[in-house]
Amino acid sequence: MTLFLMLFVLIYGTVHVYFLARLGQAWLNLHLWRLLPVCWCLLMVAAPVLVRMLERSGLTSLALATAYTGYCWMGFLFIFISVSAVFELAKVLRWA
């Protein structure tokens with residue numbers, strides 16, 4: 001279980017780092033607000049584990065809200081990475 005959790009955090013964290021890098025390229029004037037997306041991404045990486053911890057503590061309504069937010073973000077991030085991969089592949093093919 002520990003290996004799975006470490007791999008999950010490694011892969012999911014890497015995807016968030018890629019997202020933050022693309023966000024920085026999209027909005028170059030984000031210097032003052034840079035901390036907000038970083039905190040959001042850290043919270044979303046921890047969200048699946050946080051949901052489980054909140055469920056164990058008996059805070060089911062807070063766990064439900066965290067789960068909806070975290071898993072909707074995970075879906076958005078999956079779509080973003082999929083579309084971004086297609087664009088990156090097209091950029092490489094155009095360059096070649």
Side-chain angles (χ1 to χ4, degrees):
M1 184 66 180
T2 306
L3 179 63
F4 170 76
L5 192 58
M6 286 182 356
L7 283 174
F8 171 76
V9 170
L10 179 70
I11 293 169
Y12 197 46
T14 304
V15 168
H16 276 85
V17 168
Y18 179 76
F19 172 76
L20 286 172
R22 295 312 242 157
L23 186 68
Q25 289 177 352
W27 289 311
L28 297 175
N29 298 335
L30 195 63
H31 299 297
L32 295 175
W33 295 93
R34 189 79 164 152
L35 191 60
L36 185 64
V38 169
C39 290
W40 173 258
C41 286
L42 287 174
L43 182 65
M44 290 299 107
V45 168
V49 177
L50 190 61
V51 168
R52 182 67 181 137
M53 290 171 57
L54 288 170
E55 283 176 347
R56 279 190 175 181
S57 299
L59 301 168
T60 54
S61 59
L62 187 58
L64 185 66
T66 306
Y68 273 121
T69 305
Y71 295 136
C72 284
W73 174 256
M74 192 181 290
F76 165 76
L77 204 59
F78 176 75
I79 293 170
F80 173 80
I81 292 297
S82 299
V83 170
S84 185
V86 170
F87 283 134
E88 290 290 334
L89 182 62
K91 198 185 318 182
V92 167
L93 290 176
R94 192 182 81 200
W95 178 78

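What you see is a predicted model; the values in this text were computed from it and never measured.
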Would you tabulate the side-chain donor-acceptor contacts of residues 60-87 under 3.5 Å, counting partners in other chains and residues two or more places apart, or write 'none'?
residue	atom	partner	partner atom	Å
T66	OG1	L62	O	2.8
T69	OG1	A65	O	2.9
W73	NE1	H16	NE2	2.8
S82	OG	F78	O	2.8
S84	OG	Y18	OH	2.7

| query | Any side-chain heavy atom of K91 sitting closer than 4.5 Å to one from E88? | reply |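 K91 reaches E88 side chain to side chain.
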
| Looking at CG of L42 and CE of M44, how far apart are the two atoms once the value is rounded to the nearest 0.5 Å? |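 Rounded to the nearest 0.5 Å, the CG-CE separation comes to 10.5 Å.
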
Anything under 3.5 Å between a donor and an acceptor, one on a side chain of residues 1-14, the other on a protein residue two or more places apart or in another chain? List them.
residue	atom	partner	partner atom	Å
T14	OG1	L10	O	2.6

| For E55, what residues pass the salt bridge (charged side-chain N to carboxylate O under 4.0 Å, His left out) criterion, not counting sequence neighbours? |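 E55 satisfies salt bridge (charged side-chain N to carboxylate O under 4.0 Å, His left out) with R52 once adjacent residues are dropped.
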
| Any chain of hydrophobic side-chain contacts (each under 4.5 Å) joining V38 to V17? |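 They do not share one cluster, since no chain of ILVMFWY contacts under 4.5 Å joins V38 to V17.
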
